[in-house]
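Notes follow the structure.
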There are 2 protein chains.
Amino acid sequence: MILDAQPDIEVVAAVADGAEAVAQARRLRPDVCLLDIRMPKLDGLEVTRVLAGPGVENPFRVVIVTTFDLDEYVYGALRSGATGFLLKDSGPTLLIEAVRAAAAGDALVSPSVTVRLLQHVAQPRRAPAPVNDPLTDRELDVVRLIARGRTNQEVAAELFVSLSTVKTHLGSIFAKLGVRNRVEIAAWAWESGVVS
Amino acid sequence: MILDAQPDIEVVAAVADGAEAVAQARRLRPDVCLLDIRMPKLDGLEVTRVLAGPGVENPFRVVIVTTFDLDEYVYGALRSGATGFLLKDSGPTLLIEAVRAAAAGDALVSPSVTVRLLQHVAQPRRAPAPVNDPLTDRELDVVRLIARGRTNQEVAAELFVSLSTVKTHLGSIFAKLGVRNRVEIAAWAWESGVVS
DNA sequence: AACCGCATCGGCCGAACGGCCGATCTCTAA
DNA sequence: TTAGAGATCGGCCGTTCGGCCGATGCGGTT
């Protein structure tokens, strides 16, 4: 009712379970599919994988609507190919905006879920960081290349410096991070978000 | 005007530059601060770091509003402590919802920005996976330890096998993943989610 | 019984790595 | 002006890595 009241939105079908959702979606080819996580026969995440998962040629735009905001559902849904994740307490405004966003190829996620996503995305500042002794910009350059699997020779070539310089920087990095080999540098880089 | 028309929102100040934004925010202690990226004197990201950056004791809720949706601005803003990121073409509805979400401690990000964030967050499934030749369980054991920075000797000790066995497994892993050194194994492990 | 994938082990060797020493140059701050 | 931090470079040396050969045993499948 909420959606159908919008002039730019038309509800073309409403189904009772996941299997029917897949069937009707393929028949009607709607611009957007609204799915609940909890559905009979086929799970909402399963349906998402079928309709929009990796490897699907003409993926549907899927918005997950659910009352459960557990992290495992969120990540599972987004990994399955969902372009939206709404909690049922989000109110009609966000529901409408989520559908419009999905139709445009964008994604709207519930604010209470987004705030947790951002903690994992943009705030990877963590404990093993060199709090007492931060890395210099140049050392970070070396870290980023090391973390991608470059050898010292390749790092030297890409930074236009000599092999000795790279090894010197590496020594400083080892001391500052308190690690013993380049793979631990890579692990630190991935954990702290220096590379992604 | 848009915000003040809402019954649950009151605009308490409007400033002309970043320095004034910091001063007024500290004086009025608003529930939410709306900041533009482009501001005289103090950059919007600078203001965000001062008001909501890591290490601030009573952080403000900051929503960035801008016309520029470059990735560097988005990540910079969110890393600086912003709890929202809106493009100016988002329409009044999302602006209002973003303020409400920020006041509640949540975060609303423009759908067109969110869709790019999700690609980096929830889609770490990537090409270099061994599609044609999956790793065995034992090889995955080795991969996990290597990715954490263990030397071959340490891997051997933790798996109760000899150094030769570890090196043999490593050879297989190199061939299957198509990589040339252990750091690339670590990078693959972090990207594909084998370790986290 | 024969085959094959997997795990296990050994030896050899060149290349890469990492530690340790010292050195010069530039820029900034005291 | 002096002191310090950062970036740059070189040499030496022991350890680790990674490639390449081979080998054994074990559990499945044909």
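None of the values given here were measured: they were computed from a predicted structure. Below, read A as the first sequence line, B as the second, and so on, with proteins coming before strands; counting in each chain starts at 1.
Listed pair A:Arg138 / D:dT8 meets the phosphate criterion, a side-chain N or O lying under 4.0 Å from OP1 or OP2. For the OP1/OP2 pair of D:dG6 and a distance below 4.0 Å, the side-chain nitrogens and oxygens of A:Ser172 include no atom meeting the criterion. In terms of phosphate contacts, B:Asn152 brings a side-chain nitrogen or oxygen within less than 4.0 Å of OP1 or OP2 of D:dC17.
Within the 4.5 Å cutoff, the side chain of A:Val109 has no heavy atoms near those of the B:Val109 side chain. In this structure, A:Leu94 and B:Leu94 have side chains that are in contact, with non-hydrogen atoms separated by less than 4.5 Å.
Looking at heavy-atom distances under 4.0 Å, A:Thr151 makes contact with sugar-phosphate atoms alone, never a base. At a threshold of 4.0 angstrom between heavy atoms, the contacts of B:Ser162 are confined to the sugar-phosphate backbone, with no base atom among them. A:Thr136 comes within 4.0 angstrom of sugar-phosphate atoms only, judged by non-hydrogen atoms across all strands, and of no base. Within the 4.0 angstrom heavy-atom criterion, base atoms lie near A:Thr168.
Nearest to the side-chain atoms of A:Asn181 among the listed nucleotides D:dG18, C:dA7, C:dG18 stands C:dG18.
A straight line from NZ of A:Lys167 to C1' of C:dC21 spans 13 Å, rounded to a whole angstrom.
Salt bridge B:Arg180/A:Glu154: present, at least one basic N to carboxylate O contact under 4.0 Å.
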